[in-house]
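A quick write-up on the structure given underneath.
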Amino acid sequence: MMKQNKLITLIVLTITVICSSLPLQGQTKLYNQYKHRTDMVVMCVMDFPITDSITVDITLFQPLTPDHLWPMVQEFNVINLEKDTVNYYYSNDKYAPLHFYNVEKDNIKRFYGPIRNPDNDYVNMSKLVYNYNTGTIMVFHNIETEERCDILDRFLIKALKQPELLPKTNEYK
């Protein structure tokens with residue numbers, strides 16, 4: 001009986017050590033890279049529905065204060081945004097477009113060039129989206145195929161007229 005208790009204890013301890021050393025599932029690598037930041041809200045939304053049957057993982061970044069907005073935009077190298085325009089639309093009720101483009105999956109600070117090999121390119125890219133009104137940067141992951149990329153683009157175009165379709169950081173607290 002004593003040997004059996006020791007064996008059970010050893011098994012439980014081994015399982016605990018193994019489980020605690022595994023990375024948490026349900027979080028993107030990008031989220032884990034930035035979750036410690038104190039100048040922005042960093043969130044991860046897994047399996048966000050963009051259609052009835054298609055979901056994507058999203059990492060969101062939102063500045064904590066207006067003073068953090070422009071440094072965040074610069075840090076993520078958001079292409080072709082001007083400081084005056086970013087500041088004008090932030091927390092403004094005026095209609096503002098989304099700004100989105102493809103980035104490298106493993107380095108979202110780098111623009112993903114033209115699609116040359118559809119079989120591999122979609123697997124290796126993510127989509128960076130900047131929401132002018134909320135100052136939120138959203139990175140849509142697991143694009144994977146041209147079809148999924150087209151569906152995501154249609155979703156984002158639809159979200160221009162229906163901004164409530166986009167995830168918001170205050171929804172997931």
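Below, each value reflects all heavy atoms present in this structure, side chains not excepted, and no hydrogens, waters or symmetry copies. Treat the numbers as computed from the prediction; the structure is a model and nothing was measured. Numbers for residues simply follow the sequence, beginning at 1.
- Of the inter-residue distances, the one linking L165 atom CG with L156 atom CG reads 10.0 Å to the nearest 0.5 angstrom.
- Under the side chain to side chain donor-acceptor pair (under 3.5 Å) criterion, Y101 pairs with no residue, sequence neighbours left out.
- At a threshold of 4.5 Å between side-chain heavy atoms, the hydrophobic network of Ile, Leu, Val, Met, Phe, Trp and Tyr places L60 and I137 in two separate groups.
- Between V42 and Y31, the shortest heavy-atom contact is O-CE1, 3.3 Å.
- Residue pairs that meet the ring-ring contact (aromatic ring centres under 6.0 Å, His included) test with at least one member in residues 133-169, sequence neighbours left out, do not exist here.
- Residues passing the side chain to side chain contact (heavy atoms under 4.5 Å, CB included) test with E82, sequence neighbours excluded: T85.
- Linking ILVMFWY residues whenever their side-chain heavy atoms come closer than 4.5 Å, directly or via other members, places I151 and L160 in the same cluster.
- For residues 146-158, every residue pair satisfying the side-chain hydrogen bond (donor to acceptor under 3.5 Å, both in side chains) rule, not counting sequence neighbours, is listed here: K127-D153.
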When the side chains of residues 50-58 are checked against the rest of the protein, which donor-acceptor pairs come out under 3.5 Å, sequence neighbours left out?
unit_1	atom_1	unit_2	atom_2	d
T51	OG1	S53	N	3.2
T51	OG1	I54	N	2.9
D57	OD1	D47	N	3.0

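- In this structure, OG1 on T134 lies 8.5 Å from CG on L98, to the nearest 0.5 angstrom.
- F100 and F48 fall within a single hydrophobic cluster, where Ile, Leu, Val, Met, Phe, Trp and Tyr side chains are chained together by heavy-atom contacts under 4.5 Å.
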Stepwise, does the side-chain contact (heavy atoms from CB on, under 4.5 Å) test hold for M138 with L166?
-> CA-CA 9 Å; M138 298 170 275; L166 295 171; 4.0 Å; yes
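- The hydrophobic clustering, which links ILVMFWY residues whose side-chain heavy atoms are closer than 4.5 Å, places V103 and L152 apart.
- Here the closest non-hydrogen pair linking P63 and G135 is CD-O, 3.1 Å.
- Taken from CG in N102 to CD in E104, the straight-line distance is 11.0 Å, to the nearest 0.5 Å.
- No side-chain heavy atom of M72 sits less than 4.5 Å from a side-chain heavy atom of D39.
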Side-chain donor/acceptor pairs under 3.5 Å, residues 116-124, sequence neighbours excluded:
unit_1	atom_1	unit_2	atom_2	d
N117	OD1	D119	N	3.3
D121	OD1	Y112	OH	2.8
D121	OD2	R116	N	2.6
D121	OD2	N117	N	2.9
N124	ND2	N120	O	3.0

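- Note that NZ of K105 is 11.5 Å distant from CE of M125, once rounded to the nearest 0.5 Å.
- Rounding to the nearest 0.5 angstrom, the gap separating the CD1 atom in I108 from the CG atom in L30 is 4.5 Å.
- For the salt bridge (Lys or Arg N to Asp or Glu O under 4.0 Å) condition, the pairs that include at least one residue of residues 58-81, sequence neighbours left out, are R37-E75.
- Residues forming a side chain to side chain contact (heavy atoms under 4.5 Å, CB included) with P66 (at least two apart in sequence, or on another chain): Y90.
- No path of Ile, Leu, Val, Met, Phe, Trp and Tyr side chains, each step under 4.5 Å between heavy atoms, connects Y130 with I157, placing them in separate hydrophobic clusters.
- From T28, atom OG1 reaches atom NZ of K35 across 10.0 Å, with rounding to the nearest 0.5 Å.
- For residues 52-72, the set of pairs meeting the ring-ring contact (aromatic ring centres under 6.0 Å, His included) definition, not counting sequence neighbours, comprises Y34-F61, F61-F76.
- Judged as a side chain to side chain contact (heavy atoms under 4.5 Å, CB included), and not counting sequence neighbours, the contacts of D106 are K29.
- Scanning for side chain to side chain contact (heavy atoms under 4.5 Å, CB included) contacts around N77 gives K109, with sequence neighbours left out.
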